[in-house]
Amino acid sequence: MYASYAYLVPIVLVVLLLFAAIRILPEYKRGVVFFLGRFQSVKGPGLLLLIPAIQKMQVVDLRTVTLDVPEQDVISQDNVTVRVNAVLYFRVVDPEKAIIQVENFGVATSQLAQTTLRSVLGKHDLDEMLSERDRLNNDIQEILDTQTEAWGIKVANVEIKHVDLDESMIRAIARQAEAERERRAKVIHAEGELQASHKLVDAADVMASNSAALQLRYLQTLSDMSNKNASTIVFPLPMDIMDAFKSQLNKAGAAPTGNDTSDHDSSDHDSSDHDSSDTSSSRSPSGFETPDNEA
């Protein structure tokens with residue numbers, strides 16, 4: 001009886017050894033195998049056989065890991081205190097380095113991301129943190145990728161999620177934004193006035209070249225005024241009528257000038273006649289006296 005059970009013991013031991021030696025790794029995992037404490041190879045995926053108590057294996061996940069960076073108190077270059085948090089995406093590209101070069105690559109990457117976030121953001125102003133996040137994300141990603149390369153880690157992306165400010169700073173930024181919008185509105189209004197002045201000059205040149213254009217503009221203005229409920233009545237007066245009135249006034253002003261000239265000429269003629277009569281009268285006595293003296 002005991003002899004029959006004696007054959008079962010080796011079979012059970014072989015089965016247990018097989019179960020202990022067989023390992024199955026999925027596609028997204030790799031196994032770092034150590035033989036008597038020394039690195040042997042990186043195996044996987046699929047079915048693996050290990051010698052129990054002699055070979056040991058540590059499994060590494062190759063999928064991208066999402067790491068949430070906790071909020072960090074950052075003092076910007078313009079001495080503004082903000083609270084910033086971010087998210088980090090990384091993955092293992094070299095399982096050997098990830099196991100041998102660092103004790104816990106996940107914790108090490110998290111701590112490095114926190115310190116890098118504070119150091120990089122501390123070199124920039126608050127306006128750059130709010131408006132140039134893409135550039136800051138690239139800077140942080142490049143620094144982390146360079147430092148984690150020795151650990152077999154590839155940092156794929158870094159994104160700054162929130163930049164929390166104090167209420168006083170939020171109000172100051174709101175006032176600054178309002179002043180900026182008012183400045184832009186004034187600049188746009190001034191540019192519009194400049195463009196309108198150029199258009200008015202062009203329109204004046206066109207109307208000056210053709211008087212009918214000015215008349216059409218008058219009619220359009222009257223049409224616009226008639227569409228409104230106004231009690232004002234406007235009568236258009238053509239400029240030709242005013243020219244006729246001006247010509248009549250000029251003629252009326254020129255007539256007295258001609259009469260005065262004729263009167264002056266007639267007075268000069270009368271004075272000349274008077275002088276001639278005086279001369280003849282003065283000569284006549286001398287004519288009568290001459291015969292007497294001769295007699």
**Side-chain heavy-atom pair F39, I100 within 4.5 angstrom cut-off** = yes
**Prompt:** Got a donor-acceptor contact below 3.5 angstrom from the S209 side chain to the V206 backbone?
**Reply:** yes
**Prompt:** Is there a donor-acceptor pair under 3.5 Å between the side chain of Q55 and the backbone N or O of I51?
**Reply:** yes
**Prompt:** Under a 4.5 Å cut-off applied to non-hydrogen side-chain atoms, are L165 and I173 in contact?
**Reply:** yes
**Request:** Without swapping roles, check the side chain of E159 against the backbone of N157 for a donor-acceptor pair under 3.5 Å.
**Result:** no
**Message:** salt bridge (Lys or Arg N to Asp or Glu O under 4.0 Å) for K154 and E149? Distances and angles first, verdict last.
**Reply:** CA-CA 7 Å; K154 172 62 178 177; E149 185 179 1; over 6 Å; no
**Request:** Measure from the side-chain N and O atoms of D166 to the backbone N and O of S168, and report whether any donor-acceptor pair falls under 3.5 Å.
**Result:** no
**Asked** Between L48 and I22, is any pair of side-chain heavy atoms under 4.5 Å apart?
**Response** no
**Message:** For a 4.5 angstrom cut-off between non-hydrogen side-chain atoms, does D94 reach I153?
**Reply:** no
**Prompt:** Short question: side chain of S110, backbone of G106 - any donor-acceptor pair under 3.5 Å?
**Reply:** no
**Asked** Distance-only, no hydrogens or angles: does the N79 side chain make a donor-acceptor pair with backbone N or O of I75 under 3.5 Å?
**Response** no
**Derivation and outcome, salt bridge (Lys or Arg N to Asp or Glu O under 4.0 Å), residues K161 and D68** = CA-CA 10 Å; K161 293 198 299 184; D68 190 10; 3.4 Å; yes
**Prompt:** Would a distance-only check, ignoring hydrogens and angles, find a side-chain to backbone donor-acceptor pair under 3.5 Å from Q141 to V155?
**Reply:** yes
**Message:** For a 4.5 angstrom cut-off between non-hydrogen side-chain atoms, does S76 reach D125?
**Reply:** no
**Residues E178 and R175 bridged, charged N to O under 4.0 Å** = no
**Request:** Report whether L25 and L62 are members of the same hydrophobic cluster (ILVMFWY, side-chain heavy atoms less than 4.5 Å apart, transitive linking).
**Result:** no
**Item:** Side chain proximity check, Q72 to R83, heavy atoms < 4.5 angstrom
**Value:** no
**Prompt:** Quick one: does D61's side chain get under 4.5 Å of V92's, heavy atoms only?
**Reply:** no
**Message:** Does V80 form a side-chain contact (heavy atoms from CB on, under 4.5 Å) with V82? I'd like the steps, not just the answer.
**Reply:** CA-CA 6 Å; V80 178; V82 296; 4.1 Å; yes
**Message:** Could you check whether any side-chain heavy atom of K43 comes within less than 4.5 Å of a side-chain heavy atom of R23, counting everything from C-beta outward?
**Reply:** no
**Message:** Donor-acceptor check, side chain of N85 to backbone of V69, threshold 3.5 angstrom: yes or no?
**Reply:** no
